[in-house]
Number of protein chains: 4
Amino acid sequence: MGSTDKKHPDQERALHRRKQILEAAECCFSRSGFHGASMAEISKAAGMSAGHIYNYFDGKDAIIAAFVQANVERVSAKILGMAQRDDPLQAAYDDIERSVREDIKPGIWKMPLEIFAEASRNPMVAELVQEADRHTRAEFRKLLRAGREKRGMASDDATLDGRIEIMVAFFQGLHVRSVHNPSMNMDSTVAAMRLALWPLLFNE
Amino acid sequence: MGSTDKKHPDQERALHRRKQILEAAECCFSRSGFHGASMAEISKAAGMSAGHIYNYFDGKDAIIAAFVQANVERVSAKILGMAQRDDPLQAAYDDIERSVREDIKPGIWKMPLEIFAEASRNPMVAELVQEADRHTRAEFRKLLRAGREKRGMASDDATLDGRIEIMVAFFQGLHVRSVHNPSMNMDSTVAAMRLALWPLLFNE
Amino acid sequence: MGSTDKKHPDQERALHRRKQILEAAECCFSRSGFHGASMAEISKAAGMSAGHIYNYFDGKDAIIAAFVQANVERVSAKILGMAQRDDPLQAAYDDIERSVREDIKPGIWKMPLEIFAEASRNPMVAELVQEADRHTRAEFRKLLRAGREKRGMASDDATLDGRIEIMVAFFQGLHVRSVHNPSMNMDSTVAAMRLALWPLLFNE
Amino acid sequence: MGSTDKKHPDQERALHRRKQILEAAECCFSRSGFHGASMAEISKAAGMSAGHIYNYFDGKDAIIAAFVQANVERVSAKILGMAQRDDPLQAAYDDIERSVREDIKPGIWKMPLEIFAEASRNPMVAELVQEADRHTRAEFRKLLRAGREKRGMASDDATLDGRIEIMVAFFQGLHVRSVHNPSMNMDSTVAAMRLALWPLLFNE
DNA sequence: AATGAATGAGTTTTCATTCAT
DNA sequence: AATGAATGAAAACTCATTCAT
């Protein structure tokens, strides 16, 4: 649908070109934002003419959409990765430090912020992130329910959903914190994070 | 500095004009984002000519800066308001429901998201939000320390800062949640919020 | 409707500007055609920046539409002028020579040809010329009927409409002839025209 | 000259390819006009790659020229066909109804209008249609002279040329009428046509 | 103090054409 | 003979900003 359906006999090359463009876009978007980055800028970064990009994407909006799509998939992948672990809940708790350090790594949090803002006014992007979020929450709920039932704890839908909401809010909030407080103290933040997540995961 | 120093004989009127412009900008920015809103749009909303705006602001960037400034001050004011209460910590905890409902009210969370994104690439805006955040954290720390000392609890700087970081992340993360999950279940979210905030506020 | 409704406090100036643009457009359109003429070309000919044109017209299509409108009105005006005459039919017949000479004057027939072609694919332009044509035929029919009734001749609608169709075809066909045969012999053409028009006007 | 001189070992195939392209072009040109149709569109319709077209034509202009050429030849063929008839003049008169119906058939008149417009600004195309017109007029003149002399009527060049001019104007004007009045009444138009053509053909 | 006419640089996008394969 | 990836120039249009009034 949308932009993958252009006819390119050499699919291999086409895929590579698209990747090239999206990587160039990442760099430009992160530097100047979706609307500040021009097609000329992107094409230069991608090492091809501006016109040629239109052989792979319908337009700038399609690039933004594909880019957002790729980014939300990255988040989904994380959750799915967690599901592989032995005791996913415990694993998540143990991984807090790594997660936090990852989330506030410079260069990591810029694109999410841009995507959030774009989703707040571009319906196409909104639908993309909301759909991905639905999926992520569903996966997360499965994990949470399984983990809690194993421990013999209540797990009605509403309760789980509320806790998931807050846990995700925290991690997404961390991106926001990064831009507000670049010199955040990592250790005490991680400690506080543990304190807050524990009851969300393991309290009745 | 910047935009307040233009010479206007009638300072009263000038201030009013600036307020007019910023209010018009709010409406346009919220609809179209900082970069999607045009000066023409703003000037029409403000009920004055485009040219005239330049008598009060150096340019669009100056409007954005002033607008961001006004918005971050609104957040600071909230904290200061809390400080007036008898037992600020308990008050904050009791107010969770109202705060959450306020944060995800449609039309409330759009501007913050826009500001976060802008701060991530516009150094002037970044400096603004970081400075305001420093101030907010400092005020919050005073409140938190006072509340905890009254209760005879430890309150070294690092611990407090970590917990503040997480608490603020929660609330800012809620704005982000709004765009990801428009049909969030309020009650269970508030319940989970309480569960998470309690230890942050009152645990050793 | 369309392009006249832009708010220009100084209506006088605005009207003059629009006229300037349409005159410049005439020159460019006639030289390069509707699609061959660029906004840059037009703006240069109009003596203003390309961007400024958009303060007076919604876009190139609006210019084309206004231009076509002005041109079809010119044709209507001719018919109306004829109606003023004492015996319009005789006058029309007597004026044949002048009409023919006018129609094939270089620089006169180019725009009609362009308009005809444009109308054949641009529905907006088609509607414009068809509406004008309906009006012109109606006026012409009134004239023709009055003239013939005065002479005691039959004048049922169908007959009149057929003759009008052919008479108009002649005159519009003359524009076409101009591009096919630039060295047309005027005198014999006028004579032939008289021969053909006479029965159309005055036969039973 | 121009486009026929490309060296193609298999001339048969080359000719077929050119025909393929011109037929594809007909469809595209008629839908979008000479300038609205893109080479990509044409190449897709022709079932070959865009690049390959350049092995048969020097460029888009060459396609337009060849296309126009083919179209004007079609008109010439009509006249030549008429010459085969027993009494060509009478035949022409008797065929009026068929000719009219043919001329205003939807899909028939679009290309002529496009060609007329193009000829009015593209000198190469102008030369093409003028040359073809010279030829057509010459043939027509021969027919007309023969028919009239057989009937013992005067037929000096100037008179004949004037009448031919008007007769052709009428038929070409019909194309123009089609776009102005899509709901033209056929029967009365044919009747009027007969009325007008008779004296042109058969009067002194 | 206030206007809005005017500019010009910059935006996205299209397309005829070329050329390595 | 044939492809289609690639280019680059040009198109329509937008908009922050200036300035004469």
Side-chain angles (χ1 to χ4, degrees), chain A residues 6-10 13-14 16-17 35-43 46-63, chain B residues 6 8-10 13-14 17 35-44 47-63, chain C residues 6-10 13-14 16-17 35-43 46-63, chain D residues 6 8-10 13-14 17 35-44 47-63:
Chain A
K6 294 216 174 173
K7 292 290 167 287
H8 287 281
D10 187 342
R13 183 187 203 103
H16 176 247
R17 279 311 209 181
H35 293 88
S38 74
M39 290 297 287
E41 205 181 332
I42 295 172
S43 75
M48 72 184 76
S49 76
H52 196 34
I53 292 186
Y54 288 82
N55 287 326
Y56 298 101
F57 291 94
D58 283 343
K60 204 186 175 187
D61 280 355
I63 299 183
Chain B
K6 297 220 171 176
H8 289 280
D10 184 343
R13 181 185 201 106
R17 280 308 210 185
H35 291 87
S38 73
M39 290 296 285
E41 205 181 334
I42 296 172
S43 75
K44 183 174 297 180
M48 76 183 70
S49 76
H52 199 33
I53 291 187
Y54 287 80
N55 288 324
Y56 299 102
F57 291 94
D58 284 344
K60 204 185 176 189
D61 282 353
I63 299 183
Chain C
K6 294 217 175 173
K7 293 290 167 285
H8 288 279
D10 187 342
R13 182 187 204 102
H16 177 247
R17 279 309 210 183
H35 293 89
S38 74
M39 292 296 288
E41 206 180 333
I42 296 173
S43 74
M48 72 185 75
S49 75
H52 197 34
I53 292 186
Y54 290 84
N55 288 326
Y56 299 100
F57 291 94
D58 282 344
K60 204 186 175 188
D61 281 354
I63 299 183
Chain D
K6 296 221 173 176
H8 289 280
D10 184 345
R13 180 184 203 109
R17 281 308 210 184
H35 291 87
S38 72
M39 290 295 286
E41 206 180 334
I42 296 172
S43 74
K44 184 174 298 181
M48 73 183 73
S49 77
H52 198 35
I53 292 187
Y54 286 81
N55 288 324
Y56 299 102
F57 291 95
D58 283 346
K60 204 185 176 188
D61 281 353
I63 299 182

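A note on names: the letters A, B, ... follow the listed sequences, proteins ahead of strands, and every chain is numbered from 1.
- Taking a pair to require two hydrogen-bonding distances under 3.5 Å in either a Watson-Crick or a G-U wobble arrangement, F/dG4 pairs with E/dC19.
- Mapping B/Asp10 and D/His35 onto DNA chain E via the closest heavy atom, the residue that lands nearer the 5' end is B/Asp10.
- Considering only the side chain of A/Ser38, E/dT11 comes nearest among F/dA5, E/dT11, E/dA2.
- Nucleic acid contact class of B/Ala14 (heavy atoms, under 4.0 Å, all strands): none.
- Atom CG in D/Asn55 sits roughly 11 Å away from atom C1' in E/dT18 (whole-Å rounding).
- Following rounding to the nearest Å, C/Ile42 (CD1) and F/dA12 (P) show an atom-to-atom distance of 7 Å.
- Two residues, A/Asp61 and C/Gly51, neighbour DNA chain E, and the one matched to the more 5' nucleotide by heavy-atom proximity is C/Gly51.
- Comparing C/Glu41 and A/Arg13 along DNA chain F, the residue whose closest nucleotide (by nearest heavy atom) sits nearer the 5' end is A/Arg13.
- Within the model, atoms CG of C/Asp58 and OH of C/Tyr54 stand 10.5 Å from one another, a figure rounded to the nearest 0.5 Å.
- Comparing F/dT18, E/dT3, F/dA6 against the side chain of A/His52 picks out F/dA6 as the nearest.
- No side-chain heavy atom of A/His8 sits under 4.5 Å from any side-chain heavy atom of A/Arg17.
- Going from atom OH of C/Tyr56 over to atom P of E/dT7 covers 9 Å, rounded to whole Å.
- Computed from coordinates, the A/His16 NE2 to F/dA6 P distance equals 10 Å when rounded to whole Å.
- Counting only heavy atoms from C-beta on, C/Lys60 has its side chain closest to F/dC13 among F/dA5, F/dA1, F/dC13.
- Atom CZ in C/Arg17 sits roughly 12 Å away from atom C1' in E/dT7 (whole-Å rounding).
- Side chain of D/Ala50, nearest nucleotide from E/dT17, E/dA5, E/dT13: E/dT17.
- Between C/Met39 and C/Lys60, some side-chain heavy-atom pair lies under the 4.5 Å cut-off.
- Side chain of B/Met39, nearest nucleotide from F/dA1, F/dT17, F/dA2: F/dT17.
- Comparing E/dT3, F/dA2, F/dA12 by their nearest atom to the side chain of B/Met48 picks out E/dT3.
- The phosphate of E/dT7 has OP1 or OP2 within less than 4.0 Å of a side-chain N or O from C/Ser49.
- Here the side chain of C/Tyr54 is nearest to one of F/dA12, E/dA2, E/dA6, namely F/dA12.
- When all heavy atoms are compared, the tightest approach of D/Ser49 to D/Ser43 is C-CB, 3.8 Å.
- At F/dG4, none of the side-chain N or O atoms of A/His8 fall inside 4.0 Å of OP1 or OP2 (strictly under the cut-off).
- Across all non-hydrogen atoms, the minimal contact from A/Glu41 to A/Ala37 is OE1-CA, 3.3 Å.
- With rounding to whole Å, B/Ile53 atom CD1 is found 15 Å from E/dA1 atom P.
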